[in-house]
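Working notes for the structure below.
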Amino acid sequence: DTGVSQNPRHKITKRGQNVTFRCDPISEHNRLYWYRQTLGQGPEFLTYFQNEAQLEKSRLLSDRFSAERPKGSFSTLEIQRTEQGDSAMYLCASSLAGNGYTFGSGTRLTVV
Amino acid sequence: DQQVKQNSPSLSVQEGRISILNCDYTNSMFDYFLWYKKYPAEGPTFLISISSIKDKNEDGRFTVFLNKSAKHLSLHIVPSQPGDSAVYFCAAAKLYSSNTGKLIFGQGTTLQVKP
């Protein structure tokens, strides 16, 4: 078990383009979370999956953002029509029914 | 609406001394608290946690204290080492009273331990 894996580590995109990030959680973890972190702030909750069901979305998650977790395994986070304000570190975390939250190394998005 | 606050953006201590990082919260429904350490360009790494039924939890050089009446928790690192230099985040969750257990983070405190 190699922990939570996120790809890519870095993404530079032009404003208006779509981007997709992937998260592979720890295999036995049923809960998966996406967070966003900007400079000088703590991670902010974006969305939560229990198995394949998306059970909560933050109001931070505008309609340009969509997340999926098909088959309750890996998850993807897509941002459509990226804006400069989307530049941030996107973090994925997984846990087993709330025990042992483990974070990935994150995807650093830069929108130019 | 900042439910978890770390009011000290930075802290500098001498190697071998105690580091005390503080965190305040406003939501009395939080029942689980965690501390994470973060290096640049990496994800947060779990350090130590405490549930609301306890007031202290210790793991090696790290001890977390919880004062529910004051809605305050602190992380003590003794003795501090230069490798402890990082950003420390406090986080809280409604683990036992909600379906999500999502973490709410403070803004972070940058700890510098000087040799």
Side-chain angles (χ1 to χ4, degrees), chain A residues 2-11 21 23-26 29-51 53-61 88-110, chain B residues 1-10 21-25 27 29-52 57 59 73 75 86-111:
Chain A
T2 57
V4 178
S5 176
Q6 290 189 247
N7 289 288
R9 289 295 307 275
H10 304 276
K11 178 71 177 178
F21 311 139
C23 171
D24 288 89
I26 292 173
H29 285 186
N30 60 339
R31 296 187 174 192
L32 187 145
Y33 306 83
W34 284 97
Y35 290 81
R36 180 174 69 186
Q37 184 180 15
T38 54
L39 200 62
Q41 299 297 317
E44 296 174 291
F45 170 77
L46 291 179
T47 191
Y48 159 67
F49 289 86
Q50 181 157 321
N51 300 312
Q54 186 175 23
L55 297 184
E56 185 171 346
K57 293 195 294 185
S58 164
R59 63 180 185 277
L60 293 174
L61 215 66
M89 172 79 86
Y90 290 84
L91 294 162
C92 175
S94 68
S95 76
L96 183 61
N99 289 316
Y101 297 87
T102 302
F103 280 82
S105 297
T107 295
R108 168 71 66 187
L109 173 66
T110 303
Chain B
D1 178 16
Q2 188 74 32
Q3 298 185 69
V4 179
K5 296 181 183 179
Q6 293 175 256
N7 292 316
S8 297
S10 63
L21 296 100
N22 293 303
C23 178
D24 296 295
Y25 61 96
N27 192 334
M29 296 297 292
F30 289 139
D31 52 27
Y32 189 59
F33 304 89
L34 308 90
W35 283 94
Y36 282 85
K37 176 180 178 179
K38 187 178 184 301
Y39 294 114
E42 294 185 11
T45 302
F46 171 75
L47 279 175
I48 193 168
S49 63
I50 187 168
S51 78
S52 59
N57 189 26
D59 183 1
L73 64 155
L75 174 68
V87 180
Y88 288 77
F89 290 100
C90 144
K94 290 183 274 187
L95 185 62
Y96 305 107
S97 60
S98 84
N99 292 328
T100 70
K102 67 185 179 188
L103 299 178
I104 307 298
F105 283 84
Q107 309 96 308
T109 297
T110 300
L111 173 66

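In what follows, chains carry the letters A, B, and so on, assigned in the order in which the sequence lines appear, proteins first and then strands, with residues in each chain numbered from 1.
- Counting only residues at least two apart or in different chains, salt bridge (Lys or Arg N to Asp or Glu O under 4.0 Å) contacts with residues 89-110 of chain B comprise A:Glu56-B:Lys102.
- Only the side chain of A:Gln50 comes within contact range of chain B, with heavy atoms under 4.5 Å apart.
- A:Tyr33 pairs in a ring pair (Phe, Tyr, Trp, His ring centres under 6.0 Å) with only one of the listed residues (A:Phe49, A:Tyr101, A:Tyr90), which is A:Tyr101.
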Side-chain donor-acceptor pairs of residues 37-47 of chain B under 3.5 Å, sequence neighbours excluded:
residue	atom	partner	partner atom	Å
B:Lys37	NZ	B:Tyr39	OH	2.9
B:Lys37	NZ	B:Gly83	O	3.3
B:Lys38	NZ	B:Glu42	O	2.9
B:Tyr39	OH	B:Gly83	O	2.9

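- Interface remark: A:Glu44 contributes no atoms to any contact with chain B (heavy atom separation under 4.5 Å).
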*Check the pair B:Val4 / B:Cys90 against side chain to side chain contact (heavy atoms under 4.5 Å, CB included), numbers first and verdict last.*
CA-CA 8 Å; B:Val4 179; B:Cys90 144; 3.5 Å; yes
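- For A:Tyr48 (side chain) and B:Gly101 (main-chain N/O), no donor-acceptor pair under 3.5 Å exists by modelled atom type.
- Of the residues considered (A:Ala93, A:Gly106, A:Ser105, A:Pro43), A:Pro43 shows the highest number of contacts with chain B, using heavy-atom pairs under 4.5 Å.
- In this structure, chain A has a heavy atom under 4.5 Å from the side chain of B:Leu34, while its backbone stays farther away.
- At a 4.5 Å heavy-atom cutoff, B:Ala91 makes no contact with chain A through either its backbone or its side chain.
- Heavy atoms closer than 4.5 Å to chain B are found nowhere in A:Leu55, neither backbone nor side chain.
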